There are 2 protein chains.
Amino acid sequence: MEAQNNPGAPAYQRIASTYRGKIASGELRPGDQLPTESAIADQFGVARQTVRTGLSLLVTEGLIVARRPRGHFVREREHMLYRPQERSRPRPATPEVDRFSQQISAEGRVPSQRIEVSLVQATPDLAERLRVETGATIVARRRVRSINGEPTNINDSHFPLDIVKDSEIMSPAYVPRGTDQVLADLGHRQDRAIDEIFVRMPTPEEIHRLGLGLGTPVAVHYDTGYTADGTPVRCTVNVLPGDRHKIVFERSWHDD
Amino acid sequence: MEAQNNPGAPAYQRIASTYRGKIASGELRPGDQLPTESAIADQFGVARQTVRTGLSLLVTEGLIVARRPRGHFVREREHMLYRPQERSRPRPATPEVDRFSQQISAEGRVPSQRIEVSLVQATPDLAERLRVETGATIVARRRVRSINGEPTNINDSHFPLDIVKDSEIMSPAYVPRGTDQVLADLGHRQDRAIDEIFVRMPTPEEIHRLGLGLGTPVAVHYDTGYTADGTPVRCTVNVLPGDRHKIVFERSWHDD
DNA sequence: CAGGACACATTGTCTAGTCAATACATCAGG
DNA sequence: CCTGATGTATTGACTAGACAATGTGTCCTG
């Protein structure tokens, strides 16, 4: 399908189309180098700037990366599993899920994290989910999780101030039994959670915190936990780089 | 934080940063028009091309759109709810979910869809999920769903050929009782499903089918249904434009 | 042989223009 | 009043340069 480059389209699109095709067809494989901008310009008979416009399309699509002053290279990807249900249902995974989780435990991955606790003012999105007023003081427990030293996701949990003050949650240290258990011990056992997933391009701050390249979208996962009486007690914001994660849920038609 | 534009950075980044800030702060609101490229160029004392480079950043971030020859405008967003669980659990939504679903039924939205059924060869990703061999013939039931005439998502269901041949699923018409019920009537009642969500930039084909703008990432949702004995009988691929959807799951700690 | 200075290739940033395409407004003619 | 032609402002596409920034490798020096 659409074998030819793209007759009639602007030159920069033809150039992008050409190399997109070579990558899709496998003629150019991950890690391979593209010709230099000048070489492409000569080949297509256009100015170098036009080539740059075309290649920048592929960069924002996440297909290639520029490594100055080496050249442009086809990007290499890997997917990491992200399974929100694991934290709420510590049941044994069904065989079906196991088929998809094999990759995660392969290779000796070394997880680490940096924790930072602070009091912040609720932004409108958090205020709505925690049912407090915008600007109210809440507790933010921010983490950047890394695997093998590479930051892989942002995990910011937020709690209403009145229910967690003076608890271990306020301490910027790892809590072995888990913050959900701490909440439960404080009388706020979570019973239900709602997951909301948005997809968008990252903000400059996220690009910086996660070391993202251009052309990498992120999934933003709001995980709001409720007690049995329907009160929200926790709102966790996960930011997952799109090129490093796969989000997996499991559903059952009949209670399990 | 980082109040000033961005001293020291390249001019095109300062320009992007300036308008990104104005949008974030609310000084520029959705639908508002930015100054013309020439005006910005004059203001910053740079060439128009430099302004274009800067604004193109904001376009790929999905913050602004260009409407030739009117100018650049701050993008207006609306989020449509996407709730994979609805199809498997027709129970009444809990009050917590209702808080988030209010927007969907507001406004008289007119849904429509175009259905197309064909026999295709299984691509590697589908073959793995349906446990058939790559290249095996399977049934593809492709839909583009539209709301108010605007295509909003791609919904391609795939079935192993042997279990659906000669059934209504092969007909390119709407099946009122739903394809899941058809499968159940054929003796393949689904019992479990696995949801996998990937985030990436769209392919040119998806851009065309969904009428996407630049800077719009997509969420790709693989929904694989299994019968009680663990046999996959359906694999649905949903492609959701990131700027139009919010994906919502609900979880319960204790069976409901 | 080790280390530093330098050259080189390549991408990054930017200029000052030209011409094309397009949606909208204006205005003349019926 | 409506209709169609014409103008106009704006973005889109592109050129032919210039100079900066930066890894990599080479080569000279001690």
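Only a predicted model underlies this, so the values are computations on that prediction, with no experimental measurement involved. Labels below follow one simple rule: chain letters A, B, ... track the order of the sequence lines, proteins then strands, and each chain is numbered from 1.
- Listed by chain and residue number, B:Arg142, B:Arg209 satisfy the salt bridge (Lys or Arg N to Asp or Glu O under 4.0 Å) test with B:Asp156 (two or more places apart in sequence, or in another chain).
- In this structure a side-chain-to-backbone donor-acceptor pair under 3.5 Å is present from A:Gln121 to A:Gly135.
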*Worked verdict on B:Asp195 versus A:Val248 for side-chain contact (heavy atoms from CB on, under 4.5 Å)*: CA-CA 5 Å; B:Asp195 298 288; A:Val248 177; over 6 Å; no
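- With A:Ser56 contributing its side chain and A:Thr53 its backbone, the two residues share a donor-acceptor pair below 3.5 Å.
- Partners of B:Tyr222 under the ring-ring contact (aromatic ring centres under 6.0 Å, His included) rule, at least two apart in sequence or in another chain, are B:Phe198.
- Every residue two or more places apart in sequence or in another chain was checked for a ring-ring contact (aromatic ring centres under 6.0 Å, His included) with A:His158, and none qualifies.
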*Which letters describe nucleotides 10-23 of chain D, given B = protein heavy atom under 4.0 Å from base, S = only from sugar-phosphate, - = neither?*
BBBBBB--B--BBB
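- A 4.0 Å heavy-atom criterion places the boundary nucleotides of DNA chain C facing chain A at C:dA9 to C:dC14, written 5' to 3'.
- The side chain to side chain contact (heavy atoms under 4.5 Å, CB included) check on A:Arg48 picks up A:Glu37, A:Ser38, A:Arg52, with sequence neighbours excluded.
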